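Written below as structure tokens is the structure these notes are about.
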Amino acid sequence: MEMVGERIIKLIDSKEAKLDSTPLEASRYDTHSDFNVYYECKMDKAQITMIGTYPVFMTYTDGNDGDSPQLPLHIAALLKMNAKIDEYRLDGSYDSFENHADIWYKLKAKPLISLPVDAVINEEGELERIDHWANKMWKLGGSRQMKIEDKLKFLYEHGRREQVGMYLRNLTLRDKTFPDSYKLRKECERIHGHMKITLKFDVRRIREENRELYSKFNFVAYQLLLLTNLQNGVKPANAFENYI
């Protein structure tokens, strides 16, 4: 998956990554999959990172598992695939101070995580508090005179990761041009839907112990179709009429 993903990344121009989950539907009589109230079906779940409209990495979980714990695996995969991205868009299920900080620090990308309507400015993430803590750790090399990027990096590396996330989250909250989460979800759902039309991207009639492997096999099959089109200059790369 990562090998194919890395080849795809080398052939595309987009620097915009996004992460969202999609249901892998099970039979309604299935005794192993969870019933998900939101999707109103029994299911397992795939978390998929795309760059532009190209899926490059996937993780597999049970149907009611939280999305946020999967993010470190996706960050590690993007680093391994040498992805150079400017921004990483995620829906509200990934909202945490740590996730904001990790995306900024590890991927050197802008975290664009959807926030709830009742989100508030966190005082500990304000510039005055950033300056306070950078200056307080002067013996370790901190200073309020540092550039803001250097302060954030310094604080992240010296046990203040959550505060760095608060600062970045405050920036998002104040950004009036922040992209609508609905648009993110619709774009992800469009590609996820195309994957399910193209191949068997569900867990019906598959033994429980084989479901993760089969799901990932099918994901890689879709990646290979994309890669073939990209290498041969077929546009749009997500159209597979030539294979029918």
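Below, all heavy atoms of this structure are taken into account, side chains as well, without hydrogens, waters or symmetry copies. Keep in mind that this is a model prediction, so the values were computed, not measured.
- Counting all heavy atoms, side chain and backbone alike, Glu2 lies closest to Ala77 at OE2-CB, 3.9 Å.
- Applying the ring-ring contact (aromatic ring centres under 6.0 Å, His included) test to every pair with at least one member in residues 20-68, sequence neighbours left out, gives these pairs: Phe57-His74.
- In this structure, a donor-acceptor pair under 3.5 Å is present between the side chains of Thr22 and Lys196.
- Tyr214 and Met1 sit in two unconnected hydrophobic clusters of ILVMFWY residues. Membership requires side-chain heavy atoms under 4.5 Å apart, directly or through other members.
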Stepwise side-chain contact (heavy atoms from CB on, under 4.5 Å) test for Asn170 and Glu126: CA-CA 8 Å; Asn170 284 353; Glu126 295 290 76; 3.2 Å; yes
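- In plain terms, the two heavy atoms of Lys151 and Ala134 that are nearest each other are CG-CB, 4.3 Å.
- Contact check for Arg169 versus Asp95: side-chain heavy atoms found under the 4.5 Å cut-off.
- No side-chain heavy atom of Lys42 sits less than 4.5 Å from a side-chain heavy atom of Arg28.
- Comment: Arg204 engages Glu25 in a salt bridge, judged by a side-chain N to carboxylate O separation of less than 4.0 angstrom.
- Using a 4.5 Å cut-off on side-chain heavy atoms (C-beta onward), Met50 and Ile191 make contact.
- Between Leu112 and Leu90, every side-chain heavy-atom pair lies at or beyond the 4.5 Å cut-off.
- Note on residues 43-59: pairs passing salt bridge (Lys or Arg N to Asp or Glu O under 4.0 Å), not counting sequence neighbours, are Asp44-Arg211, Lys45-Asp67.
- Under the 4.5 Å side-chain heavy-atom criterion for grouping Ile, Leu, Val, Met, Phe, Trp and Tyr, Leu155 is connected to Ile148 within one hydrophobic cluster.
- Using a 4.0 Å cut-off between a side-chain N of Lys or Arg and a carboxylate O of Asp or Glu, Glu149 and Lys153 do not qualify as a salt bridge.
- Contact annotation: the side chain of Ile8 never approaches that of Ile51 to less than 4.5 Å [non-hydrogen atoms, C-beta and beyond].
- Here the CD1-CE distance, from Ile130 to Met166, works out to 9.5 Å after rounding to the nearest 0.5 Å.
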Would you sort out whether Gln163 and Asn122 count as a side-chain contact (heavy atoms from CB on, under 4.5 Å), showing the intermediate values? CA-CA 9 Å; Gln163 185 180 25; Asn122 194 292; over 6 Å; no
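- Counting all heavy atoms, side chain and backbone alike, Pro111 lies closest to Thr172 at O-OG1, 3.7 Å.
- Put simply, CG on Leu19 and CD1 on Ile48 are 9.0 Å apart, with the number rounded to the nearest 0.5 Å.
- Leu226 is not listed as a side-chain neighbour of Gln231, based on a closest heavy-atom distance of 4.5 Å or more.
- Cluster annotation: Leu79 and Met58 are assigned to the same hydrophobic cluster (Ile/Leu/Val/Met/Phe/Trp/Tyr, side-chain heavy-atom contacts under 4.5 Å, transitive).
- The pair Arg89-Glu16 meets the salt-bridge criterion, with a side-chain N (NZ, NE, NH1 or NH2) lying under 4.0 Å from an Asp/Glu carboxylate O.
- Under the 4.5 Å side-chain heavy-atom criterion for grouping Ile, Leu, Val, Met, Phe, Trp and Tyr, Leu171 is not connected to Leu107 through any hydrophobic cluster.
- Residue pairs meeting the ring-ring contact (aromatic ring centres under 6.0 Å, His included) criterion with at least one partner in residues 79-112, sequence neighbours excluded, are Tyr105-Tyr156.
- For the pair Leu213/Lys216, no side-chain contact is recorded, criterion being any heavy-atom separation below 4.5 Å from C-beta on.
- Leu11 and Leu224 fall within a single hydrophobic cluster, where Ile, Leu, Val, Met, Phe, Trp and Tyr side chains are chained together by heavy-atom contacts under 4.5 Å.
- A salt bridge does not link Glu162 to Arg160: none of the charged nitrogens lies less than 4.0 Å from a carboxylate oxygen.
- Atoms CD1 and CG, on Ile206 and Leu24 in that order, are 9.0 Å from each other to the nearest 0.5 Å.
- Salt-bridge formation is detected for the pair Arg207/Glu209: a Lys NZ or Arg NE/NH1/NH2 atom is positioned less than 4.0 Å from an Asp or Glu carboxylate oxygen.
- Between the side chains of Asn218 and Ser215, no donor-acceptor pair is found at a separation under 3.5 Å.
- Between the side chains of Gln47 and Asp20, no donor-acceptor pair is found at a separation under 3.5 Å.
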Stepwise, does the side-chain contact (heavy atoms from CB on, under 4.5 Å) test hold for Asn99 with Ser68? CA-CA 8 Å; Asn99 286 348; Ser68 188; 2.8 Å; yes
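- The number of heavy atoms from other shown groups lying within 6.0 Å of NZ (Lys200) is above 12.
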Before you tell me yes or no, could you show the steps for Asp175 and Lys110 under side-chain contact (heavy atoms from CB on, under 4.5 Å), namely the whole-Å CA-CA distance, both residues' side-chain angles and the distance that decides it to 0.1 Å? CA-CA 12 Å; Asp175 185 0; Lys110 184 177 182 180; 3.8 Å; yes
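- A donor-acceptor distance shorter than 3.5 angstrom exists from the side chain of His194 to the backbone of Asn238, with no hydrogens or angles considered.
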Are His192 and Phe201 close enough, and set up right, to give a ring pair (Phe, Tyr, Trp, His ring centres under 6.0 Å), and what steps lead you there? CA-CA 9 Å; His192 296 167; Phe201 205 52; 8.0 Å; no
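- Here the options are Asp91, Leu168, Ile103, the test is side-chain contact (heavy atoms from CB on, under 4.5 Å), and the partner is Ile113; only Ile103 passes.
- By the 6.0 Å contact criterion, CZ on Arg161 is enclosed, its count of non-hydrogen atoms from other residues, nucleotides or ligands being greater than 12.
- Taking every heavy atom of both residues into account, Ala101 and Gly165 meet most closely at CB-N, 3.8 Å.
- With respect to Lys18 and Glu187, a salt bridge is recorded, a charged nitrogen being found less than 4.0 Å from a carboxylate O.
- With values rounded to the nearest 0.5 angstrom, Phe154 atom CZ is found 11.0 Å from Asp150 atom CG.
- Using a 4.5 Å cut-off on side-chain heavy atoms (C-beta onward), Lys15 and Glu87 make no contact.
- Among all heavy-atom pairs drawn from Leu227 and Val4, the shortest one is CD2-CG1, 4.0 Å.
- In summary, of the residues considered (Val234, Ile197, Asn229), a side-chain contact (heavy atoms from CB on, under 4.5 Å) with Phe240 occurs for Asn229 alone.
- The shortest heavy-atom contact between Asn135 and Arg144 is OD1-N, 3.8 Å.
- Atom CD of Gln70 sits about 10.5 Å away from atom OG1 of Thr49, to the nearest 0.5 Å.
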Might you work through the side chain to side chain donor-acceptor pair (under 3.5 Å) test for Ser27 and Asp30, ending with a clear yes or no? CA-CA 5 Å; Ser27 166; Asp30 195 292; over 6 Å; no
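- Interatomic distance, CG of Asn82 versus CD of Glu6, reported as 5.0 Å (0.5 Å rounding).
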